[in-house]
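Below: the structure, in structure tokens.
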Amino acid sequence: MLARWVVAAILTGLCALAPAHAKDSNIMADKHWSLAIHGGAGVITRDRLDEKQRGGIEAALGQALDAGSTVLAAGGSAVDAVQAVVEVLEDDPHFNAGRGAVFTYEGSNELDAAIMDGSNRAAGAVAGVTHIRHPVALARAVMADSPHVFLSGAGAEEFAREKGFEMTDPAWFATESRRKALEEFKARKVSWFDIDLKYGTVGAVARDAQGHVAAATSTGGLTGKRWGRIGDSPVIGAGTYADDRTCAVSATGAGEFFVRAGVAHTICDRVRFLHETVQEAADATIKEVGELGGDGGVIVAGPDGTTAFSFNTPGMYRGRADSSGMHEIAIFGDD
Ligand code: GLY
């Protein structure tokens with residue numbers, strides 16, 4: 001009798017364990033993460049990029065990808081990961097964000113950035129800041145620590161001071177090649193979009209092990225910009241958007257067209273209402289931007305961990321990594 005009870009108890013125990021174990025396995029299987037990054041799209045062709053430039057850009061993209069991957073592999077959040085990526089790229093002078101940002105017509109570097117958390121659709125953005133080393137970190141503070149979404153100029157910097165941000169000497173952002181681009185812009189009176197054939201905005205999208213997505217974007221905007229011009233990057237729904245129900249998007253390109261097409265939000269809506277894959281939604285939306293006359297590209301991450309790139313320019317500085325060990329960096333359209 002006792003023996004039968006012991007056997008029954010063991011069987012009951014095993015039955016009770018089995019579903020729990022199976023459930024844990026499913027959770028473990030779902031603990032994957034993925035990350036996609038960009039450093040700008042544009043007329044990036046092999047003949048325009050020498051070996052040294054290419055090596056420097058690939059190294060910077062690799063460092064940024066590693067910074068985000070480290071966060072995600074340790075179980076960190078998608079928001080922390082995209083911020084970590086963008087901060088690395090903001091410090092690297094190859095890109096048009098933070099150090100190495102393009103010059104305004106008046107000869108300053110005015111920086112824009114945004115970040116969005118897909119788990120609760122919290123968002124923060126700043127525009128026209130001139131003393132903040134990592135504008136994406138200030139955007140994060142706006143999201144986390146203010147009742148607002150979008151701060152600009154002197155007010156954004158006053159908020160930064162109150163939150164203990166260090167004021168960076170504007171000389172940190174200025175590089176010789178960007179100054180030359182401004183001189184060329186003024187001398188040739190070229191179109192707003194011609195001078196920055198490589199747009200150089202930076203961004204990241206991620207899906208973390210908890211299944212949440214996030215996006216961040218940072219830029220100096222356009223060479224020779226005037227009148228407080230703001231592009232798509234810090235505009236939530238245009239250059240940056242994240243929603244766990246659909247996807248996370250960061251854009252790069254001719255900002256005015258991306259604002260008019262509401263690119264990032266349109267991609268998410270296509271996924272949500274038309275049930276397109278993130279790749280289909282990105283391709284359709286970039287096609288729409290092209291039809292308006294704009295060019296550039298997007299990176300997208302879905303809550304299932306799928307990532308997508310789409311661009312209508314010859315190249316886009318880009319990379320992606322995931323928990324299966326994928327680690328790719330690419331520049332040209334045919335890479
Ligand atoms: N896409 C960056 C800008 O137009 O400002």
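Please read these numbers as outputs of a predicted model, since none were measured by experiment. In listed order, ligands and their atoms are each counted from 1. Below, all heavy atoms of this structure are taken into account, side chains as well, without hydrogens, waters or symmetry copies.
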Gly255 heavy atoms, cut-off 4.0 Å: which ligand 1 atoms fall inside? 4 (O)
Counting from 1, what ligand 1 atoms have a heavy atom of Thr201 closer than 4.0 Å? 1 (N), 2 (C)
Taking N or O atoms only and a 3.5 Å limit, does Asp232 qualify as a polar contact for ligand 1? yes
Return a yes/no value for Gly221: is any of its N or O atoms, backbone included, closer than 3.5 angstrom to an N or O of ligand 1? no
Taking all non-hydrogen atoms of both residues into account, name the closest pair between Ala264 and Gly239 and its distance. CB-C, 4.2 Å
For Ser233, the ligand 1 atoms whose distance to one of its heavy atoms is below 4.0 Å: 1 (N), 2 (C)
Distance only, no hydrogens: is a donor on one side chain within 3.5 Å (strictly under) of an acceptor on the other, for Thr201 and Thr219? yes
Against ligand 1, does Arg229 come closer than 4.0 Å with any heavy atom? yes
With the threshold set at under 4.0 angstrom, would you say Gly239 reaches ligand 1 through any of its heavy atoms? no
Hydrophobic clusters here meaning ILVMFWY residues chained together by side-chain heavy-atom distances under 4.5 Å, can you tell me if Val88 and Ile329 are in one? no
Indicate the atoms forming the closest heavy-atom contact of Ala81 with Leu72, along with that distance. CB-CG, 3.6 Å
Could you list the atoms of ligand 1 found under 4.0 angstrom from a heavy atom of Gly231? 5 (O)
For residues Val278 and Val298: do they belong to one hydrophobic cluster (side chain heavy atoms under 4.5 Å, members Ile, Leu, Val, Met, Phe, Trp, Tyr)? yes
Side chains of Ser77 and His212, donor plus acceptor under 3.5 Å: no
Less than 3.5 Å between some nitrogen or oxygen of Gly253 and one of ligand 1, yes or no? yes
Regarding Asp243 and His265, is there a side-chain donor-to-acceptor distance under 3.5 Å anywhere? no
